[in-house]
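In what follows, a single structure is set out as structure tokens and then discussed.
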Amino acid sequence: MKITPENARALQDELRTRVVLDEPGPPPGTGHLTGVDVAYDDARDLVVAAAVVLDAATLAVVEEATATGRVRFPYVPGLLAFREIPTVLDALDRLTADPGLVVCDGYGRAHPRRFGLASHLGVLTGLPTFGVAKNPFVFSYDPPGPRRGDFSPLIDDSGNGDRTEVGRALRTQDGVKPVFVSVGHRVSLDNACAHTLRLASAHRQPETTRRADSLCRRVLANESEGAPRN
DNA sequence: GCGACAG
DNA sequence: ATCTTGTCGC
């Protein structure tokens, strides 16, 4: 059956039962960290995904891969994964290196049904994943302290009086707006935040996201100006 | 019913 | 996400 915005929510509820939340994940500074991101050209119906593997100890680029596809799903808040994941999976498949821990541009558990992009990608690939988003989406938080490393809980208070912690607002640079970290698959929140801080030593956003973002934008620009596609 | 709402 | 130049500051 084709996935539509109507049945996508039910699919999320089903896939959510496969998320693993009781593993700490790889310790910071070891193995590989892979950033994934996507860029769109809606007018030309094009989508380009990028996967960039970094050495966790040095943050040096180990390998890059991209994939191009057609836009198959509209942007619907809460259903972002269905729009982004097909092309992201293609890009990951083109990697030779072990992706290690995957860092997504968006949410994991911080999602209306606790199954954001990072959770979805983790379940589909089996890889440890977490998400780092630029906005708090529908959640609330008290501003963390002003220094790099300060954080506060990201709260879902949409329920019946409950205030579930779904992630963290994490300050990655002194005096700069925090990023919003949440667990995807097979990683603890503490560990995800530790990785994020290491990856964001020079900028607000983690190096994984910055690298993947610039790569898919670059490729999309080339594809749009008539370069041969694959 | 209407508006808000990751990217 | 995307549309978009110069400009302020380290």
Side-chain angles (χ1 to χ4, degrees), chain A residues 5 8-9 12 15-16 19 35-52 66-89 91 102-123 129-141 148 154-159 164-170 172-185 189 192 196 201-206 208-225:
Chain A
R9 292 179 180 81
Q12 289 181 325
L15 292 174
R16 187 186 56 236
V19 171
V36 293
D37 197 15
V38 171
Y40 301 95
D41 183 338
D42 283 313
R44 295 173 184 275
D45 194 34
L46 278 181
V47 50
V48 174
V52 180
T66 62
T68 300
R70 300 286 174 187
V71 180
R72 301 181 196 182
F73 204 89
Y75 171 66
V76 180
L79 302 180
L80 179 64
F82 296 95
R83 179 169 166 86
E84 305 219 328
I85 277 191
T87 318
V88 167
L89 289 175
V102 180
V103 185
C104 297
D105 188 12
Y107 283 123
R109 210 170 93 82
H111 178 273
R113 286 169 298 284
R114 304 288 180 272
F115 197 72
L117 172 62
S119 319
H120 201 141
L121 186 63
V123 166
T129 61
F130 68 92
V132 180
K134 298 179 283 298
N135 299 291
F137 200 12
V138 296
F139 305 107
S140 61
Y141 66 101
R148 166 178 158 82
L154 186 63
I155 300 295
D156 180 353
D157 42 19
S158 65
T164 310
E165 176 175 16
V166 295
R168 278 182 197 157
L170 175 64
T172 54
Q173 294 290 313
D174 292 354
V176 169
K177 174 180 175 174
V179 296
F180 303 88
V181 180
S182 63
V183 157
H185 186 57
L189 184 55
T196 302
S201 58
H203 302 273
R204 175 184 178 231
Q205 295 256 66
T208 37
T209 299
R210 302 186 77 245
R211 288 266 167 36
D213 179 79
S214 69
L215 177 56
C216 61
R217 285 189 197 225
R218 226 154 49 225
V219 172
L220 181 65
N222 287 332
E223 306 247 340
S224 293
E225 74 184 25

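Chain naming here is simple, since letters A, B, ... match the order of the sequence lines and numbering starts at 1 in each.
For A:L117, whose side chain is taken as the heavy atoms from C-beta onward, the closest listed nucleotide among C:dT2, B:dG7, B:dA6 is B:dA6. Closest contact between the side chain of A:H111 and the listed nucleotides C:dA1, B:dC5, B:dA6 involves B:dA6. In the set B:dC5, C:dT2, B:dA6, B:dA6 carries the atom at the smallest distance from any side-chain atom of A:N135.
At the heavy-atom level, A:L79 lies under 4.0 Å from base atoms of the strands shown. Counting non-hydrogen atoms under 4.0 angstrom, A:A39 reaches the backbone sugars and phosphates but no base. Across all strands shown, A:G131 has no heavy atoms under 4.0 Å from either base or sugar-phosphate atoms. Using a 4.0 Å heavy-atom distance criterion, A:D37 is classed as a sugar-phosphate-only contact.
We find that A:D37 and A:R210 are not joined by a salt bridge, their nearest charged nitrogen and carboxylate oxygen being 4.0 Å or further apart. Salt bridge present: A:D156 and A:R114 bring a charged side-chain N and a carboxylate O closer than 4.0 Å.
Between A:F137 and A:H111, the ring-plane angle classifies as tilted under the 30° and 60° cut-offs.
Aromatic pair A:F139/A:F180: centroids not less than 6.0 angstrom apart.
Atom P of nucleotide B:dA4 and atom OH of A:Y107 are separated by 18 Å, given to the nearest angstrom. Here B:dA6 presents its P atom at 13 Å from CZ of A:R83, a figure rounded to the nearest Å. For A:R218 and C:dA1, the CZ to C1' distance is 18 Å, given to the nearest whole Å. The CZ-P distance, from A:R210 to B:dG7, rounds to 16 Å in whole Å. Whole-Å rounding puts the A:F82 CZ to B:dC5 P distance at 22 Å. The distance from atom CZ of A:R217 to atom P of C:dT4 is 14 Å, rounded to the nearest whole Å. Across the protein-nucleic acid pair, A:I85 atom CD1 and C:dA1 atom C1' stand 17 Å apart, rounded to whole Å. For A:L121 and B:dA6, the CG to C1' distance is 15 Å, given to the nearest whole Å.
The stacking criteria are not both satisfied for A:Y75 over the base of C:dA1, which would need a centre-to-centre distance under 5.5 angstrom and an angle between ring planes under 30 degrees.
The phosphate of B:dG7 has OP1 or OP2 within less than 4.0 Å of a side-chain N or O from A:K134.
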Report task. Show the numbers, then the answer: is there a side-chain contact (heavy atoms from CB on, under 4.5 Å) between A:T66 and A:R218? Result -> CA-CA 11 Å; A:T66 62; A:R218 226 154 49 225; over 6 Å; no
